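Worksheet for the structure shown next.
What you see is a predicted model; the values in this text were computed from it and never measured. Whatever order the structure lists ligands and atoms in, that order sets their numbers, starting from 1.
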Amino acid sequence: MTNNNIYFIANWKMFGSVKLVNSLNNVISYSKKNKHKAKIVYCPPYTLLKSFVDKTKNSNIEIGAQDCHINSDYGPYTGAISSKMIKDLGAKFVIIGHSETRKENDNKKINLKIKSALNKKLNVIFCIGEKLIDKKKNKTKFVLKKQLLEGLKNLNKLNKVIIAYEPVWSIGTGIVPTENNLIKNVKFIKDTLKRSKKFSMSKVLYGGSVNQKNIKNLMRIDNIDGFLIGGASTNEKIFIDIMKKSII
Ligand code: PGA
């Protein structure tokens, strides 16, 4: 398998500086000569979106935000950022429903945010995933199905929605699900999407403690369409290493 058309989405969370963005020369040259056409997307904090867009202008790297407001336009919401504003900066993606933001976002609000992003023609990286307690109580499928169906309720244009399966217990812990577990849950997500015909083509990524050591094993799971990578993506050398090692 190559990493053809595989997504490598870097979720920088609350990390990074203008100086660091300006030093990212190797990943830019990698994106240009990457003949396997890995799809690279950087999702930095809002404060670095413009620096990233400028820095990656002549490369094959796309930029995304990490969240957006439910209102797609301007409005009286202090501290908030809308999809219109994200789009205006030249970003093309937005992460919605990440578990680190789910305390303030129920499925209904996530659904409104996805609608607002699609309204402005942004690509959505829609995160779902069970908590450890759900897994222990054998409720993983129930949780995933609920998050998917409620998050995608009344949506049609789903070619712009990518699902990121991120078990909450694997984020930032160094623990990745077993191969069997991952195959089973990704298949469940894809089957659930297929049953609702509108979403049958959606890509499903995996996220949670992906690094340069486990990428080869993860790449062997062939129903995964890419990776959402947190910590390991903030180090340019490691991020490139992950992409290189994903060609197996
Ligand atoms: P991690 O984060 O790779 O640091 O576990 C992934 C994510 O939260 O998207």
Pairs of nitrogen or oxygen atoms closer than 3.5 Å, one from T173 and one from ligand 1: do any exist? no

Whether G208 lies under 4.0 Å from ligand 1, heavy atom: yes

Can you check whether H98 has an N/O within less than 3.5 Å of an N/O in ligand 1? yes

Could K84 and D88 be called an ion pair, given the rule that one side-chain N must be under 4.0 Å from one carboxylate O? no

Going by an N to O cut-off under 4.0 Å, is there a salt bridge joining D241 and K237? no

Are V210 and V176 packed together at the side-chain level, in the sense that at least one heavy-atom pair is separated by less than 4.5 angstrom? no

Can you find a non-hydrogen atom of A232 under 4.0 Å from ligand 1? no

Please work out, at 4.0 Å between heavy atoms, whether the side chain, the backbone, both, or neither of I171 comes within that distance of ligand 1. both

Does D134 pair with K146 as a salt bridge, N-O distance under 4.0 Å? no

If we only count N/O pairs under 3.5 Å, is G231 in contact with ligand 1? yes

Within ligand 1, which atoms have a heavy atom of L228 less than 4.0 Å away? 9 (O)

In terms of side-chain geometry, is the basic nitrogen of E100 or K13 positioned less than 4.0 Å from the acidic oxygen of its partner? yes

G172 to ligand 1: N or O pair under 3.5 Å? yes

Ring-plane angle category for F8 and F227, please: parallel below 30°, perpendicular beyond 60°, tilted otherwise. tilted

Subset of ligand 1 atoms that lie under 4.0 Å from at least one heavy atom of N11: 7 (C), 8 (O), 9 (O)

Are I63 and C43 packed together at the side-chain level, in the sense that at least one heavy-atom pair is separated by less than 4.5 angstrom? no

